[in-house]
Amino acid sequence: MNLIRTFKNYLQRKSIADQLLYGIMAAAVICVLFIGHYWTSLETRRFKKQSEEIRDRFVNSRMDVVRDEVTRAIGFINYNRSLSEERMRLGLKQRVDEAWAIASNIYEENRKTKSRSEIEKLIKDALRPIRFSNDRGEIFIYTTSGVSVLLPRNKHLENIPGLDYQDQHGNYVVRNEVELLRQVDQGFIHYYSPGKDNPEDSVLLKSSYIRRFAPFNWYLGSKDYLEDFESEMKERILEYLSKIRYGNDGYLFVNTIGGEALITNGVKHLWPQDIRKSNDSNWIEVYQKQVDIYNTTGSGFIEYQFRRLLSEDFETKISYLGTVKEWGWIVGTGFYENEIESFIRDNRKLMEAQIRSTIVHIVLSLLMVLIFIWLVSRWISRKLAQGFAIFNLHFRKTGLESIEMNQENLVFSEFRELAESVNAMTEELNNARKSLVKERSLLRSLIDSSPDFIFFKDLNSNFVGCNKAFADYIGIEESELIGRNDYDFFPKEAADKYHQFDRQIIEDHIPVRSEEWITFSDGSRRLMDTLKVLNFDSAGNPIGIVAISRDISEKEEIQQMYIKAKEKAEEADRLKTAFLANMSHEIRTPMNSIIGFSNLLTEEDLTPEDKAEFIRHINHGSETLLSLIDDIIDIAKIEAGQLMVTFEPYNLREMMDELYHTHAELLKRKGKEQVNLVLESEQLPGGDVILTDPFRLKQVMTNLLVNAVKFTEKGSITYGYKVSGDFLHFFVRDTGIGISPEGIKVIFERFRQDNRYGVKHQGGTGLGLAISRHIVQLLGGDISVSSSPGEGALFSFMIPYNAYTDIVSEKKRGRDSTFSMDWSSKTILVVEDMESHYNYIRSALMRTGLNMVRVSNGQESIECCLNDHQIDIVLMDVNLPDMDGYTATRKIKAHRPGIPVIAQTAYNLPGEENRSREAGCDAYISKPVKLKILLDVLGSFLDNKK
Ligand code: ADP
């Protein structure tokens with residue numbers, strides 16, 4: 001494993017070109033080694049096979065040779081053996097014929113001169129010494145009557161009749177010869193030893209040849225034993241066989257079945273050796289194998305270990321054996337199997353030399369091939385390296401910019417194809433990049449345009465990004481946020497909580513949702529609904545946290561509103577019942593009074609005082625009813641948005657005095673004389689006449705005073721007014737039962753009363769204060785109460801103080817100066833969504849003759865300014881429903897820079913005036929708008945602009 005890893009590491013460090021070069025060279029070497037090994041083993045196998053074949057061929061040919069040699073020797077022996085009988089006969093005949101010729105010659109020579117006996121003696125003497133056939137042969141003479149004449153070796157037996165003579169085999173030899181000569185003059189006589197089983201197997205023992213010698217009635221003869229003849233022949237044959245040589249050193253050996261070694265190693269033994277007594281166990285063993293062949297097949301091969309001549313080592317010898325059964329001979333010759341080995345050894349040396357030379361050739365060729373491969377590979381690897389370098393450079397560049405790849409310097413078609421693919425890929429990458437950038441910017445815009453907070457954290461809860469809303473909320477740039485955490489921006493307690501949420505998400509992989517109130521830099525508190533989820537990479541591993549925080553304050557407000565509305569509806573239902581009961585009471589009480597006293601008036605005996613009293617009651621009831629009906633109508637108008645105020649000059653002091661009289665009277669009528677009614681008023685700087693809606697102002701004061709009378713049993717009721725800056729401050733204070741804290745919250749709402757246990761219900765409809773507050777608001781102010789149960793109540797309200805005398809005097813001055821309040825040729829655009837404020841402005845400006853166009857939102861104001869060129873000036877409320885007045889101003893000024901815009905705002909904050917100037921406003925007045933200031937500011941623009 002380590003080796004593989006090391007090799008792998010080595011490969012990883014090497015370039016493709018190097019790997020290709022070394023790979024090809026290694027492959028070539030391996031190939032050559034493999035081929036060399038294969039070829040060598042093939043050659044060796046071929047050589048082995050060839051050697052085997054040669055060995056086989058050698059063995060076979062040698063076997064053929066030795067078989068032929070033996071067969072030839074056996075043939076020779078048999079041939080000679082088969083001729084022996086004949087030869088023996090011929091020899092006998094030849095010798096006898098020679099002797100007969102000698103005898104005849106002697107007879108012829110001496111017949112006339114010598115006597116028979118002398119001639120007989122001459123013949124006998126001449127023939128007696130004749131010996132032949134190794135001294136075995138002699139010439140004998142018998143008479144034809146069977147008497148011996150010449151017996152050369154047994155002279156003492158001559159002249160003895162021999163007809164009864166029997167040889168050792170019992171043959172009547174002479175008798176047989178005599179018998180033969182009765183029929184012929186010469187001939188052979190053969191004697192056989194009878195065969196044991198078959199007469200045909202009988203063996204010739206001896207032969208005689210006889211020839212009549214007529215002059216003396218003799219016959220001459222000679223005999224020979226075949227055995228004797230043959231042993232002579234054997235000697236000759238052995239002599240011959242021992243001399244036979246063939247091949248390099250081939251020779252014959254001859255042994256007898258009786259164990260005699262006749263010829264050994266090609267040498268004829270003078271004295272045949274008995275193998276069995278030789279004490280040479282190997283020889284005896286070999287001899288035994290020969291005996292087996294003799295006794296079985298008669299001829300065949302045997303294989304054995306034998307010592308070479310003049311050698312001590314045993315070697316494998318294969319011999320062929322033939323047999324001459326008649327003589328009990330085993331004839332054989334053999335060869336040593338390893339005789340071929342030297343030849344094979346020589347061949348092997350030749351072959352090894354050949355292989356060596358071939359290997360040298362192969363190595364040289366391999367060297368050439370390797371050099372060639374090295375050169376080619378080096379060229380290829382250079383080109384590859386060049387190609388890869390081009391790609392490398394290109395890819396590095398492509399990381400930064402999308403450029404097309406130049407194919408000119410690329411050599412291989414694969415590189416060119418690759419380059420085309422790279423270009424195609426680059427183009428796609430480019431497109432993908434563009435669309436990614438687009439998508440990213442779209443996504444960024446989306447994220448940034450979202451009013452929700454969106455931010456991202458890593459797994460350590462450090463910020464990695466956020467949207468604009470969140471950055472604005474934190475008050476820093478996104479880049480400054482990155483890498484920091486909650487503890488850098490939030491109090492420790494809050495940061496701990498956020499951190500805890502983060503840990504929880506990372507551990508559980510479950511999104512966390514939370515709602516909490518947070519405080520913005522402008523001080524506003526908003527309810528945020530925050531969802532935090534895990535962000536995963538493409539492999540599904542968490543890489544961070546994404547959080548979206550949504551402002552659900554409005555939703556919460558609406559929810560709360562719904563809850564309140566529901567409660568209100570329930571309350572309204574309850575109130576309706578109470579209202580109806582109250583209404584019934586409020587109507588019935590005066591109606592009863594009217595009807596009752598009307599009936600009493602019909603009675604006849606009434607005094608004039610009684611009548612006056614009854615009529616007063618009837619009037620009072622009617623007024624009460626009328627007042628009730630007025631209240632109901634006013635409430636209906638308020639609900640329909642139709643309750644208007646109309647400004648006119650009115651003497652405030654007169655109004656206050658009138659109220660005093662009316663309510664002093666009321667106290668009296670109600671039997672509350674003990675309650676002091678006190679008017680507290682101060683001298684107004686601009687005189688008693690003010691510009692207001694006297695009817696509605698009086699209605700408010702009356703409401704407050706009637707309530708004070710109603711709820712005060714003792715003590716005092718103090719009412720009046722005073723100047724407070726630009727405002728008139730009205731109040732009604734009593735020492736009555738007071739109002740509970742719960743009551744304070746609701747009494748200005750329609751139909752609401754302070755219902756307290758233990759306090760006697762005073763009737764009423766709960767409409768008076770609701771109407772009063774609405775009226776005060778229409779007059780440009782607001783109403784409030786401070787009270788606690790049993791401590792009396794103080795109702796107070798403020799309205800802008802518009803002293804009528806200022807306007808009148810300005811008017812008067814105007815006639816003498818250039819200032820004129822006659823703006824009937826001018827048109828003002830009042831941008832105001834609040835009905836009451838518009839009414840106030842309208843009333844205030846009515847007398848100037850100024851034409852008024854009113855719109856109630858920013859968009860309408862812009863459209864109006866652009867379309868209606870009659871507009872001379874704009875009075876712009878800053879707080880509009882669709883956009884703020886400054887935005888609308890900017891847009892108007894962008895198209896009509898010359899048109900004066902006067903901003904009016906209720907936020908009397910520091911820097912507001914600057915903001916208005918920055919937006920392009922020409923002047924700035926704060927709410928509630930004081931009439932004089934309004935006229936001054938308008939005048940400064942309208943009078944200059946003729
Ligand atoms: P009404 O008097 O017809 O019931 P209002 O709107 O005038 O209707 O008054 C509402 C309620 O406010 C009264 O019912 C009363 O409970 C309380 N209230 C008004 N003025 C006074 C006062 N001066 N002292 C005590 N309670 C007052």
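All values below were derived from every heavy atom in this structure, side-chain atoms included, with hydrogens, water molecules and symmetry-related copies excluded. When a ligand or atom number is given, it counts from 1 through the structure's own listing order.
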Show me the short polar-atom pairs for ligand 1: any N or O of it lying under 3.5 Å from a protein N or O, with distances only.
unit_1, atom_1, unit_2, atom_2, d
ligand 1, 2 (O), Asn707, OD1, 2.9
ligand 1, 2 (O), Lys710, NZ, 2.9
ligand 1, 3 (O), Thr765, N, 3.0
ligand 1, 3 (O), Gly766, N, 3.4
ligand 1, 4 (O), Gln753, NE2, 2.6
ligand 1, 4 (O), Gly766, N, 3.3
ligand 1, 6 (O), Gly768, N, 3.3
ligand 1, 6 (O), Leu769, N, 2.7
ligand 1, 7 (O), Asn707, OD1, 3.2
ligand 1, 7 (O), Asn707, ND2, 2.6
ligand 1, 8 (O), Gly766, N, 3.3
ligand 1, 16 (O), Asp754, N, 3.1
ligand 1, 23 (N), Asp734, OD2, 2.7

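Side-chain atoms of Gln904 do not come within 3.5 Å of backbone N or O of Val878 as any donor-acceptor pair.
By the side chain to side chain donor-acceptor pair (under 3.5 Å) test, Asp452 pairs with Arg550, sequence neighbours left out. The side chain to side chain donor-acceptor pair (under 3.5 Å) test applied to Glu623 returns no partner, not counting sequence neighbours. Residues meeting the ring pair (Phe, Tyr, Trp, His ring centres under 6.0 Å) test with Tyr721, sequence neighbours left out: Phe730.
No more than 12 heavy-atom neighbours from other residues, nucleotides or ligands sit within 6.0 angstrom of NZ on Lys698.
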**Message:** If you apply the rule side-chain contact (heavy atoms from CB on, under 4.5 Å), what do you find for Leu935 with Thr848, and how did you get there?
**Reply:** CA-CA 9 Å; Leu935 290 173; Thr848 65; 3.7 Å; yes
